[in-house]
4 protein chains.
Amino acid sequence: MPTTKTSAKKKPQAPASPERRRELLGIAAEVFAAQGYNATTVRKIADEAGMLAGSLYYHFDSKESMLDEILSTFLDELWDGYDTVLAAGLGPRETIEALVTESFREIDRHRAAVAIYQKESRHLVDQERFHYLVDSQVRFEKAWLGTLERGVAAGVFRADLDLRLTYRFVRDTVWVAASWYRPGGQHSPEEIARQYLSMVLDGIAPRA
Amino acid sequence: MPTTKTSAKKKPQAPASPERRRELLGIAAEVFAAQGYNATTVRKIADEAGMLAGSLYYHFDSKESMLDEILSTFLDELWDGYDTVLAAGLGPRETIEALVTESFREIDRHRAAVAIYQKESRHLVDQERFHYLVDSQVRFEKAWLGTLERGVAAGVFRADLDLRLTYRFVRDTVWVAASWYRPGGQHSPEEIARQYLSMVLDGIAPRA
Amino acid sequence: MPTTKTSAKKKPQAPASPERRRELLGIAAEVFAAQGYNATTVRKIADEAGMLAGSLYYHFDSKESMLDEILSTFLDELWDGYDTVLAAGLGPRETIEALVTESFREIDRHRAAVAIYQKESRHLVDQERFHYLVDSQVRFEKAWLGTLERGVAAGVFRADLDLRLTYRFVRDTVWVAASWYRPGGQHSPEEIARQYLSMVLDGIAPRA
Amino acid sequence: MPTTKTSAKKKPQAPASPERRRELLGIAAEVFAAQGYNATTVRKIADEAGMLAGSLYYHFDSKESMLDEILSTFLDELWDGYDTVLAAGLGPRETIEALVTESFREIDRHRAAVAIYQKESRHLVDQERFHYLVDSQVRFEKAWLGTLERGVAAGVFRADLDLRLTYRFVRDTVWVAASWYRPGGQHSPEEIARQYLSMVLDGIAPRA
DNA sequence: GATGAATGAGGCTTCATTCAT
DNA sequence: GATGAATGAAGCCTCATTCAT
C-alpha cells in the first residue's frame, strides 16, 4: 500500500528496459547524494553512466523526474517495511526497536536516497509534485510519536520528557546516520541498530 | 584563538560599515539555510535586502565569499565558546554537559549558519578555500572524542560502546537540532540542552 | 589652428583646476595605453589616482570624454608641430626628415596617447564624436603622400616604387615605434629619428 | 616543431567536427581583429555565426580559449614556415628576403590572427596561459637578430646601425602591414614583399 | 572635491532540454 | 538507444554612472 504515486508520463516511455532505468537511477542517486541535487548536472550523471547528457532523455522525462523516482521508490520500500512492523502487534518498546532496526536496514539499502531525502526534502515539499513527501512525514510522525506515547502510558518510557523533543531526538539520531554510513563497513545495520538502541534507551552513562 | 582564516583580500574589502555587511550576511544566511546554497540566487538575496543583485558586489566579492564569511564567523565564535569550556578543567561528564549546552547556545545565535554548515560542508571541503572546515572538524572530533575517552577511563561513561559510534551519536544528536530549532520558541537553548543531556546520558527508558 | 574640437560640455565643468585635469588625464592615458581602452576600468584609473571611481566624475563627464580629451590634445599638439614644418618651405627630402623628427618628438612627449591612437582609432572612427580622427588622417596622408610625390618629381625619391605602399611603409615605420619606445631611454628622439631616416632613405644594405 | 602548446583539456573538447571549429574560429578571429578582443562580445560572434551565444560553448570552453586557439594555430603555422626557411642554409641576405616573403604569406593567410596578435599580445603575456607568446617572441628575435648579425659580419648589411633598432625597424615594418592588408587586393603577398624588401634593403632615395 | 552606496545594463557562462540523424 | 549540435532561460558578476552627504 504505497503512499507515493509515480507521476504520469506524457510520452510513452515504456521501451527502456526497467533494468537500465534502475541502473541509471542508482548512478543518479549516488551523484545527487554526493553533490546535492542542484549542484548535480545532468551531464555529470551521463558522464558517470558513460553516455551523453541528451541520451538520458530517452530514459527519463527530466532531471526532476529522476529525483522523483529515486525518492518515491525509496519511500515505497520504506513503508513496506514499516507497515509490516506496525502490523505485527508488538509492544511499544519492541516496536521502537523494530522500527530502528528496519530504518538502519533501509539506510543500508538506500543510502543515497536517504541522504538525498535528508538534504532536499525541505525545499521539495513546496512543489506539488513532491507533496507525497509531506504525507509520508505525517504518517511517519504518527507512527513514531504514537508508539512513544503508548510506551509512556505503559511505563516503558520515561514520563518526564517532552515527547515531541524525544521524537525528534530519536528520529534524527537514526536518520542522520545516513550521512556517514557506508554499506559494507565493519558494522552491519543490525549491529549499528543494537548500539544505537542501547544508547537511546539506556543512555551513555552507566546504570547504577 | 580562531581556527579559521579570514581570506586574503586584494581589494580593500570591508572598508564600509561593518554593520551593513553583517546585516546583509544575516539575510544571505537565512536564504542559504532555507533554500540551500546552490539553489539560492544572488538576486534572491538582493531582493530580500531591497537592492539589486549587482549592488551586493559592492560589499562582497562573490556569492561564495558570503558563504565563506558566514561560516568562518560562525566557527570563530563557536570555538571561542568551546575553548573556554575546554580550558575550564572540568571533569569529562561536566565537560560534555558544558559542550552540549554551549552548542545549543550557538544554534540559538547562529541557527542559519549551522543549518548551512550541516547541508553544505560536505561538498565545500573539496575546495581549497573551505579547507578550514576540515581543520575545524578535526579539532571538533578531538575535543569530543577525547572527552568521551576520558569519561570511559574515569568510569562516568559506559565502557561497552563503540566510542566512534557514540561520538557520532552525540554529535549528530545535538547539531541536527538546527534543522528544526526556531529561536524564540517555547524552549530556551539551556532547557533543550538539559533535556537532550538527560536522554543522552540516561536514555529514554526509565532507570530501574 | 587646431583641427579638433573639444566636445561641448553639458555641465559647467569649469571648477576643476586644469592642472588636476591634466594630471588625471596623464594617469588615464598611461593605463589606457597599457591595458587598452576597453579593458581599462574607471576604477583602475581612480585607484592609480588615489581616489574612488565615482570621484572622477567630478572632473570628467565620462570615460569616453577622457579618451576624447587625451586624443584631441595630442592631435592638436601634433598638428602644431607638423604645420610649422609644412609652412617652412623646405624641399621634399628635408620635409620628410623634419616630419620624421617631429614625429619622434611627439612620441617622446605623448607616448601613451600615441599608443592609444594606434590601438583604438580604428573602431573609434565609427563614432560621431571621434570623427576628427578621420579628418586628421586625411590631412596626414595629404601631407606625407604629397611630399613623397614632390620628391619623386624632383628626383630625390625613387620613381620605381608604389607610392601608397611607400607612404604606409614610412608612416608605420615611424609610428609603430611608440609601441616599444620608452622616454628617457638611451636614445634621444632625434637620435632615433636620424637612424630611422638613414634606414628609410638609404636602406640597410651598404651603398656600393 | 611548434613552440606553442595546445592547452590541456579536462573535458573532451574538440570531439566534434574540426571543420565547424575552424569555421567558427575564423569568424571569431575576424570579429576580434575588427573590434578588438575586449570589445567583442560573445554574442556578436554568435550572431555572425548564426547561432545563440550559449551555443558557442558546445565547441569552446570560453571566449579566451577561442583567442588562444586562434593565436596558437597561427603561431604553429608561422613557425612551420620560418623553420623551413631557417633550415635551408641560405646566406643572411637571402634569409631575410625569405623571412620577409614568408611573413607576408602568413599575413595573407592569417590576416585576422596577425592583427589580433599585434593588438593584444602585449596584455596577454601577463597570463600564464599565453606565456607561449613570450617564447615565440624570444625565438623570433633570435632568428631575425641573428640573421642581421651574420649579415653585418658578412658585409651584406651596413655596420653603422644600431642592430636592435634595425631589428625592430624591419620587424615592425613587415608585421604592421597586417593592419591595412586585405587579401585578394591588387598586390600579391610576394609582390608586396618584393617592394618592402627593396625599400628596406636599398632605401627610398635613389642610388647614386 | 571626494566618498559611499547604489543602479541598470550588459557580459560571460552554465545547463536542462530538444531533436534530427 | 545514443549522438551531436543547438536552444533559451537563467545565473553570477562587472562596470560606467549617479547622487546624497
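Reminder, nothing fancy here: chain letters follow the sequence lines and each chain counts from 1.
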How about [X] and [Y]: do any of their side-chain heavy atoms sit closer than 4.5 Å?
{"X": "Gln35(D)", "Y": "His123(C)", "result": "no"}
{"X": "Gln118(B)", "Y": "Ser179(A)", "result": "no"}
{"X": "His59(A)", "Y": "Met51(A)", "result": "yes"}
{"X": "Leu52(D)", "Y": "Asp47(D)", "result": "no"}
{"X": "Phe32(A)", "Y": "Glu120(A)", "result": "no"}

ask   = For Gly54(B) and Gly54(C), take the nucleotide of DNA chain E holding the closest heavy atom to each; which residue's nucleotide lies nearer the 5' end?
value =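 Residue closer to the 5' terminus by nearest nucleotide: Gly54(C).
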task = Check whether the side chains of Asp68(D) and Tyr132(D) place a donor and an acceptor atom closer than 3.5 Å, and report yes or no.
result =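 Yes.
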Reckon [X] has a side-chain N or O less than 4.0 Å from the OP1 or OP2 of [N]?
{"X": "His59(D)", "N": "dG4(F)", "result": "no"}
{"X": "Tyr57(D)", "N": "dT14(E)", "result": "no"}
{"X": "Tyr58(B)", "N": "dA5(E)", "result": "yes"}
{"X": "Arg21(A)", "N": "dG1(F)", "result": "no"}
{"X": "Ser55(B)", "N": "dA5(E)", "result": "no"}
{"X": "Ser62(C)", "N": "dA16(F)", "result": "no"}
{"X": "Ser17(D)", "N": "dA5(F)", "result": "yes"}

key: Proximity to DNA chain F (any heavy atom under 4.0 Å), residues of residues 24-34 of chain C only   =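 Going residue by residue through residues 24-34 of chain C, none turns out to have a heavy atom under 4.0 Å of DNA chain F.
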Tell me the interatomic distance from [X], atom [atom1], to [N], atom [atom2], rounded to whole angstroms.
{"X": "Met51(C)", "N": "dG4(E)", "atom1": "CE", "atom2": "P", "result": "13 Å"}
{"X": "Met66(D)", "N": "dG11(E)", "atom1": "CE", "atom2": "C1'", "result": "13 Å"}
{"X": "Lys63(D)", "N": "dC13(F)", "atom1": "NZ", "atom2": "C1'", "result": "14 Å"}
{"X": "Leu56(A)", "N": "dG1(F)", "atom1": "CG", "atom2": "P", "result": "13 Å"}
{"X": "Phe60(B)", "N": "dT14(F)", "atom1": "CZ", "atom2": "C1'", "result": "17 Å"}
{"X": "Leu52(A)", "N": "dT18(E)", "atom1": "CG", "atom2": "P", "result": "17 Å"}

remark   = Given Watson-Crick and G-U pairs under 3.5 Å, DNA chain F in dot-bracket ([ ] crossing, | other strand) is .||||||||||||||||||||
query = Which one, dA2(E), dC12(F), dT7(F), comes nearest to the side chain of Arg20(C)?
reply =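 Between dA2(E), dC12(F), dT7(F), the one nearest the side chain of Arg20(C) would be dA2(E).
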key: Value rounded to 0.5 Å, distance of OG1 in Thr41(C) from NZ in Lys63(C)   =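 Nearest 0.5 Å value for the OG1-NZ distance: 7.5 Å.
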Reported CD-to-CG distance for the pair Glu30(A) and Leu25(A), which is rounded to 0.5 angstrom =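 Going from CD on Glu30(A) over to CG on Leu25(A), the span is 12.0 Å.
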ask   = Considering heavy-atom distances to DNA chain F, does Glu64(B) or Ala53(A) have its closest nucleotide positioned more toward the 5' end?
value =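 Mapping each residue to its closest nucleotide by heavy atoms, the 5'-most match is Ala53(A).
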request  = Could you check which residues of residues 37-50 of chain D get a heavy atom under 4.0 Å from DNA chain E? Sort them by number, please.
outcome  =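 Close to the strand are Thr40(D), Thr41(D), Val42(D).
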